[in-house]
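What follows is a single structure, written as structure tokens, with notes after it.
In what follows, every heavy atom counts, from backbone to side chain, and hydrogens, waters and symmetry copies are set aside. We count ligands from 1, going down the list as the structure has it; atoms in each ligand are counted the same way.
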Amino acid sequence: MLIRRPDDIPASEITPEGVYRDRRRFLGAAGTLGLGLASGLIAPAALACAPGETGEANGEVERGQPALPDEPTPYETATTYNNFYEFGTDKEDPAANAGAFRTRPWSVVVEGLVKKPATYTLEDLLRGVGVVERTYRMRCVEAWSMVIPWMGVPLRDVLAKVEPLPSARFVEFTTLLDPRQMPGQRTAVLEWPYKEGLRLDEARHPLTLLATGMYGKTLPNQNGAPLRLVVPWKYGFKGVKSIVRIRLTERQPRTTWNDAAANEYGFYANVNPAVDHPRWSQARERRIGEFRRRPTLPFNGYADQVASLYAGMDLKANY
Ligand SMILES: Nc1nc2c(c(=O)[nH]1)N[C@H]1C(S)=C(S)[C@@H](COP(=O)(O)O)O[C@H]1N2
Ligand SMILES: [Mo]
């Protein structure tokens, strides 16, 4: 299958040169803490005091290890290490191939079980909806993670505008289909267009965003411009990019990765260290830019906010 095993990814790719440089700068600023930080020997309190730290711990669960900080991933890394198969399957392909992608004008078809179905211009769809900034941990199914400061609108506010009917239970999202602009769509690496879906209550959760920017700037093409889904407690593949269609349905929609390999990529895709991918463990992750692996947290560390959505569900069966 196409999503690569973590072990297939060489260290040089996991930690691009720019990140090495950035990390050295950080360690330099931390002074004599540098050695302890790298080897994991220093106490959480010392970490929280390191320059540039937010002090927010990641909720480290393993005994005897310090909580690790959630530093925003360097912008350069977050925009050059991407999964966006429409522009190629290598991590550097989207940055290399999406530069000329046209994201204006852009429209989004809203259809299905809604009171106000229409083809909305992007501007109309977002008009009157307040933009928020939220820094989220993002966990890819390939067992790496980043921390991204997003800008966008809560999906629930957009849904409130189009008014789902009482019979609506799911939301389906579809990426643009345009092989002339998206070279990856000229090969059958996935079934195009890319589709994803959420249960309506997941879609209406306040953490769920439609992102239009990151790091205080307009969303780069390789990150899913002009509009992409962000669901921080789920694996990254749920975060469908360059959305042109939002459909409210009664039945659970099909999704691209589930169609490609149902035993590997479930519809729910909640980050779950207790449910391994059939070909690798999901218990730990490599935060891009770091060397040691971190433990992966249930729901990517957002359990206190989202676990109640799944009360009574068997999350091993519904992976
Ligand atoms: N249309 C589309 N959306 C997509 C993908 C893709 O290949 N095509 N890849 C997904 C995966 S696997 C991940 S991890 C995230 C990566 O988002 P980022 O490049 O902004 O980090 O996008 C997701 N959304
Ligand atoms: Mo991913």
Side-chain angles (χ1 to χ4, degrees), residues 1-6 8-9 14 16 72-98 101 103 135-152 172-179 181-185 187-198 209-215 217-245 255-261 264-266 269 271 277 280 282 285-289 296 300:
M1 195 20 63
L2 284 157
I3 284 189
R4 288 181 292 179
R5 286 185 291 116
D8 291 344
I9 304 169
I14 291 271
T73 298
Y75 180 81
E76 192 203 310
T77 310
T79 56
T80 55
Y81 188 89
N82 302 103
N83 276 337
F84 197 172
Y85 281 12
E86 285 84 342
F87 293 101
T89 54
D90 285 343
K91 294 287 181 283
E92 61 273 17
D93 286 345
N97 299 331
F101 179 48
T103 61
T135 298
Y136 288 157
R137 291 178 289 271
M138 305 299 294
R139 171 60 154 80
C140 178
V141 76
E142 295 165 328
W144 51 263
S145 60
M146 296 193 196
V147 178
I148 311 269
W150 296 109
M151 290 165 43
E172 178 196 77
F173 305 86
T174 306
T175 295
L176 178 70
L177 178 64
D178 187 352
Q181 292 202 79
M182 295 173 143
Q185 289 181 339
T187 68
V189 46
L190 283 175
E191 217 178 281
W192 310 114
Y194 195 103
K195 285 180 194 273
E196 258 305 335
L198 295 172
L209 302 181
L210 282 176
T212 54
M214 57 191 230
Y215 299 79
K217 303 179 216 256
T218 302
L219 201 59
N221 292 346
Q222 59 268 36
N223 293 89
L227 191 72
R228 61 88 59 85
L229 186 65
V230 172
V231 194
W233 70 93
K234 291 179 182 280
Y235 290 119
F237 66 86
K238 296 299 282 186
V240 46
K241 295 175 167 179
S242 305
I243 295 167
V244 295
R245 188 177 298 269
T255 60
T256 296
W257 278 106
N258 190 249
D259 280 354
E264 303 191 11
Y265 311 105
V271 175
H277 186 282
W280 62 80
Q282 294 291 30
E285 68 200 60
R286 190 188 300 278
R287 179 66 52 82
I288 299 296
T296 284
N300 203 27

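Side-chain contact annotation: Ser242 with Arg228, donor-acceptor N/O pair under 3.5 Å absent. Using modelled atom types and a 3.5 Å distance limit, the side chains of Gln222 and Asp93 yield no donor-acceptor pair. Between the side chains of Glu285 and Ser145, at least one donor-acceptor pair of N or O atoms lies under 3.5 Å. Residues Lys91 and Asn82 bring no donor and acceptor atom of their side chains to less than 3.5 Å of each other.
No heavy atom of Met146 sits closer than 4.0 Å to any atom of ligand 1.
Looking at Lys195, its side chain never comes within 3.5 Å of a backbone N or O of Thr175 through a donor-acceptor pair. When atom types are taken as modelled, the side chain of Gln282 and the backbone of Val141 share a donor-acceptor pair closer than 3.5 angstrom. A donor-acceptor contact shorter than 3.5 Å links the side chain of Thr79 to the backbone of Tyr75.
Which parts of ligand 1 touch Cys140 is read off a 4.0 Å heavy-atom cut-off, strictly below it: atoms 14 (S). In the vicinity of Thr175, heavy-atom distances shorter than 4.0 Å reach the ligand 1 atoms 1 (N). Every atom of ligand 1 with a heavy atom of Gly239 under 4.0 Å away is listed here by number and element: 4 (C), 22 (O), 23 (C), 24 (N). Heavy-atom contacts of Asn83 reach the following atoms of ligand 1: 5 (C), 9 (N), 11 (C), 12 (S), 13 (C), 14 (S), 16 (C), 19 (O), 22 (O) (cutoff under 4.0 Å).
If you check which protein heavy atom lies closest to atom 22 (O) of ligand 1, you get Lys241 CE, 3.4 Å. Protein heavy atom in closest approach to atom 15 (C) of ligand 1: Gly236 O, 3.5 Å. Of all protein heavy atoms, the one lying nearest to atom 7 (O) of ligand 1 is Tyr85 N, 2.8 Å.
The cationic group of Lys238 does not satisfy the cation-pi geometry with Tyr265, failing either the under 6.0 Å distance to the six-membered ring centre or the 45° limit from the ring axis.
If you look at Asn82 next to ligand 1, the close heavy atoms, those under 4.0 Å, come from the backbone and the side chain alike. By the criterion of a heavy-atom distance under 4.0 Å, the side chain of Tyr194, and not its backbone, is placed next to ligand 1. When non-hydrogen atoms are compared, ligand 1 lies under 4.0 Å from the side chain of Glu86 (C-beta onward) but not from its backbone. Contact annotation for Lys238 and ligand 1: no heavy atom of the residue comes within less than 4.0 Å of the ligand.
The distance criterion of under 3.5 Å between nitrogen or oxygen atoms is not met by Ala78 with respect to ligand 1. Considering backbone and side-chain N/O atoms, Trp150 never comes within less than 3.5 Å of an N/O atom of ligand 1.
The CZ atom of Phe237 lies 8.0 Å from the CG atom of Asn258; values are rounded to the nearest 0.5 Å.
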